[in-house]
Amino acid sequence: MAEKGTWTVKKGLAEMLKGGVIMDVTTPEQAKIAEEAGACAVMALERVPADIRAAGGVARMADPNVILRIMDAVTIPVMAKARIGHFVEAQILEALGVDYIDESEVLTPADEVFHINKHDFKVPFVCGARNLGEALRRIGEGAAMIRTKGEPGTGNVVEAVRHMRQVMSEIRMVQHMPKDELMTAAKEMGAPYDLVVQVHELGRLPVVNFAAGGIATPADAALMMQLGCDGIFVGSGIFKSKDPVARAKAIVAATTHYNDPQVLAEISKDLGEAMPGIEIATIAAEQRMQERGW
Ligand SMILES: O=C(CO)[C@H](O)[C@H](O)COP(=O)(O)O
């Protein structure tokens, strides 16, 4: 059996989640809704991003007791969020036995310069990115899964689309570069050279890449899948909508049948109101979660 905490095992767990939906949950009851809807994992946090945005102030790791109750409530993997750079929150989450840690820009960063050295941990990490350089820096620090950032808590998919298109087009560029241009590309992106070489050879990121931030409808989820992501994170889009149970199921089904417009049309019927959306231009630059992380 593979030893816990090796790179292969960390990466492999994310690969098992491919094609699935990971749902933000704040209570054991929401975790059960997610599991029954077919989520492949849940993400435990204190508030969904729309509520974090509305509350303002400092957003931190959730109460360990809530995380443990969520772990008790479901059989699917449980992820939890730590603040960027807050390696002690990560140590605590590892001690609780969560399956994955999200070093997340949705929480208030604890360090404005350094991310967590994720190689220090046995538990795997997922991190957000807006472009290929950022994704490869996070993988260089030990992230075993990437998610594009989008703009969480807005119910507006436009930033998720921008980030996924950016990452995919940079991957295509690197893939088709002659080998002798890779070092300069690495320098310009601020990315580790060996990882740029891997992208060149694989034609994809060396780890799984999900889409996140602003996905609010089954059509949004299918759009992100057609743009080439490996799976979906949804938080506010489900639990700030009128009918979370129906919407959660529909988003899971849309992520599976993302290439079948007939099925997507059926799935999208009678879901009740989606969460109210926010136009990105109305959010001040310093309040955009995607700007956190470097
Ligand atoms: O940070 C995340 C990924 O772990 C959130 O799950 C995701 O960004 C949720 O965004 P939204 O509330 O807009 O669905």
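Ligands are counted one by one from 1 in listed order, and the atoms in each one are counted from 1 as well. Everything numeric in this text was worked out from a predicted model, so none of it was measured.
Under the ring pair (Phe, Tyr, Trp, His ring centres under 6.0 Å) criterion, W7 pairs with no residue, sequence neighbours left out.
I146 contributes atom CD1, which lies 6.5 Å from atom CG of L205 (distance to the nearest 0.5 angstrom).
Checking V42, I33, L45 one by one against V25, the side-chain contact (heavy atoms from CB on, under 4.5 Å) holds for a single residue, V42.
The shortest distance between side-chain heavy atoms of L136 and P192 falls below 4.5 Å. Between L107 and I84 there is no side-chain heavy-atom pair separated by less than 4.5 Å. Looking at F210 and I22, their side chains come closer than 4.5 Å, going by heavy atoms from C-beta outward.
Heavy-atom separations between V234 and ligand 1 include at least one value shorter than 4.0 Å. At least one heavy atom of G213 sits closer than 4.0 Å to an atom of ligand 1. For the ligand labelled ligand 1, residue E105 lies outside the 4.0 Å heavy-atom shell.
Near P49, meaning under 4.0 Å from any of its heavy atoms, are these atoms of ligand 1: 9 (C), 10 (O), 12 (O). Listed by atom number, the atoms of ligand 1 under 4.0 Å from V106 heavy atoms are 1 (O). Residue P152 approaches ligand 1 through these ligand atoms, each under 4.0 Å from one of its heavy atoms: 8 (O), 10 (O), 13 (O). Each of the following atoms of ligand 1 lies closer than 4.0 Å to a heavy atom of D24: 5 (C), 6 (O), 9 (C). The distance from ligand 1 to the heavy atoms of G153 drops below 4.0 Å at these ligand atoms: 11 (P), 12 (O), 13 (O). In the vicinity of G235, heavy-atom distances shorter than 4.0 Å reach the ligand 1 atoms 9 (C), 11 (P), 12 (O), 14 (O). Less than 4.0 angstrom separates some heavy atom of D102 from each of these atoms of ligand 1: 1 (O), 3 (C), 4 (O). Heavy-atom proximity to M43, at under 4.0 Å, picks out these atoms of ligand 1: 4 (O).
The shortest N or O to N or O distance between G214 and ligand 1 is under 3.5 Å. Of the N or O atoms in S236, one or more lie within a sub-3.5 Å distance of an N or O in ligand 1. Looking at K149 next to ligand 1, no N or O pair under 3.5 Å apart turns up.
Between E103 and K118 there is a salt bridge, since at least one side-chain N of the basic residue sits less than 4.0 Å from a carboxylate O of the acidic one. At a threshold of 4.0 Å, the pair E159-R162 counts as salt-bridged, since one of the basic side-chain nitrogens sits closer than that to a carboxylate oxygen.
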* To do: Could you please spell out the steps behind the side chain to side chain donor-acceptor pair (under 3.5 Å) verdict for Q290 and E105?
  => CA-CA 7 Å; Q290 63 176 276; E105 69 282 357; over 6 Å; no
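No hydrogens or angles considered: a donor-acceptor pair under 3.5 Å links the side chains of T75 and E35.
When hydrogens are left out, the protein atom nearest atom 1 (O) of ligand 1 is K81 NZ, 2.7 Å; that is the closest non-hydrogen contact.
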